[in-house]
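In what follows, a single structure is set out as structure tokens and then discussed.
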Amino acid sequence: MKNKRSSIKRRNQNEENWKSLRTTRDDLSLDRTLPTGQSFRWQKVEEYDENDENEKKYSTYVGVIGRRVVQIRERMEFEEEEEKSYETTTIEFRVLNTNESNICKNEDKENGEQEEEQVTKDVRAYFNLDDPIPLKDLFEQFSKADPYRFGRLSAYVRGARTLRQPPAECLISFVCSSNNNIARIKKMVESLCEKYGEELVCNVSSRSRSRSSGSSGRDDDEENEVNDKEEINESKIYHAFPTVEQLAEKCDEQTLRDLGFGYRAKFIPAMAKELVKRGGEAYLLKLRDAPQTEEEKYRAITELTSLPGVGPKVAGCAALFSLDKKSVVPVDTHVWQLAREHFDPNGELASMETTASTTKGSANEEGAEQQRHKESSTPTTPTKQKDKPLSITPKMMKKCEEMLVSIYGAYAGYAHTALFVAELPTVRESLPEHLRTPTKADKKRGEKNGEKKPEKKKRKFLKVDGENKSDDDGA
DNA sequence: TGTCGACCTGCATT
DNA sequence: AAATGCAGGTCGA
């Protein structure tokens, strides 16, 4: 309560800095893009609406793009026209750190304007907003190509975009992602930035309820959370993602182990050094800017895979999320599961599971039937084997990727992102039940009590129908 | 060429 | 309450 006033004060001060990203919510949904495991650097931050007497909260995201701390929001407006009211959403951003844009504006008008242009350009690029085809149109194409799955899903994943991140940052982040969960990946990436990345100073800090993951503990100097008097001069320090040169020079395995990187600790310094040897970020940018041919796509994947800690999955992510290889479909456990569930009527994928690792008792019914004849030697008896986690072999990845590319075409990677996003817990919750891919837990439950028990806790704020609502909103 | 076990950590479930 | 499972996998044998 006491904080609100100050919060508003600060907002007034900066309200004019917001700029439009010049896109629409059909093309970009922040909730379905920023926290969905593409980038691990975005934090949700609540702010207050100064124009609303009730001081309604709205959410924004704060993250770092290059050397700029960027805050983004979706601002909703209600307009009335001829007795009808329209709701429009404007997506806006502003730069929070002072090193970059705000300073020169006063000094030098022209440079300032130039800089503003550049900022917008860079942020739009980060979101791939200069694609020749709007995401909305792509989704329509995908829906047409795949009415059964994508068509039914598209309303719920509207605006789920594929990002275009700085290559080294993307690559290194995904090296951290192996055999790991998103929460910890975020923590690792954040600590990497704090340890080695350039400081980015922001003069405005909104009081983010979300415990700022990285630096909650040591609040730098700060003594002013005592009362709301001088918060206007609060400064908050963010960090750029370290350059490969910085990492190659300064970072070592032991330090990273101490930071909790586990066995991935050795990969990062090794990779940084190798990348520097190959020409640093420029080397990766060359892979990005190569002609968009199949050949160059494979070259990029091959090059990446030869880096320490980079296998086919990580290479795929880097290629799709940072190197403009838009037809790449990185196949991980989630993608495999959803493909097997929705795109495998003949059980081709399912049959590959058991040939690879004879365990995994859960192979679905049809799959099991299909398999039966393939397996005369290995006892399939699902009972006693100790459920090894399903590991996905390169062969399986290839098959799965080919399958999805054959459906979605040159932008299959974008379709993949949307399909993947639909599997994330928050989005999944918003789906009508019949569109939810069964989780392993679901299946286990099903086996256990003969497909009986539906489920226990069920939210019921969902709309009833859900088949073709234009919208829902994922707050 | 393809398969298998080991590998760090931390949060959730049993 | 200790044990086990599981996370957007990769490496070396």
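Throughout, a chain's letter reflects where its sequence line sits, starting with A, and its residues are numbered from 1. These values consider heavy atoms only, across backbone and side chains, with no hydrogens, waters or symmetry-generated copies.
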### Message
Expected output is a numbered-order residue list: members of residues 163-176 of chain A with a heavy atom under 4.0 Å from any atom of DNA chain C. What is it?
### Response
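Going residue by residue through residues 163-176 of chain A, none turns out to have a heavy atom under 4.0 Å of DNA chain C.
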### Message
Under 4.0 Å, heavy atom to any atom of DNA chain C: which of residues 306-316 of chain A qualify?
### Response
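Nucleic-acid contacts, sorted: A/L307, A/P308, A/G309, A/V310, A/G311, A/P312, A/K313, A/V314.
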Partners of [X] by ring pair (Phe, Tyr, Trp, His ring centres under 6.0 Å), sequence neighbours excluded?
X: A/H342; result: none
X: A/F321; result: A/F174
X: A/F261; result: none

### Secondary structure string for DNA chain B (Watson-Crick or G-U under 3.5 angstrom, | for other-strand pairs)
..|||||.||||||
For [X], which residues count as a side chain to side chain donor-acceptor pair (under 3.5 Å) partner, sequence neighbours excluded?
X: A/K326; answer: A/N128, A/D131, A/Y414
X: A/E92; answer: A/R73, A/R75
X: A/T255; answer: A/D252
X: A/S154; answer: none

Please output the side-chain donor-acceptor pairs of residues 279-286 of chain A that fall under 3.5 Å, not counting sequence neighbours, one pair per line with the distance.
residue : atom : partner : partner atom : Å
A/Y283  : OH   : A/R278  : NH1          : 2.8
A/Y283  : OH   : A/E303  : OE1          : 2.4

#### Entry: Salt-bridge present (A/E296, A/R299; N to O < 4.0 Å)
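Salt bridge: yes.
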Restricting to nitrogen or oxygen on both sides, can you table the protein-nucleotides 9-12 of chain B pairs closer than 3.5 Å?
residue : atom : partner : partner atom : Å
B/dT9   : O4'  : A/R184  : NH1          : 2.9
B/dT9   : O4'  : A/R184  : NH2          : 3.4
B/dT9   : O2   : A/R184  : NE           : 3.4
B/dT9   : O2   : A/R184  : NH2          : 3.1

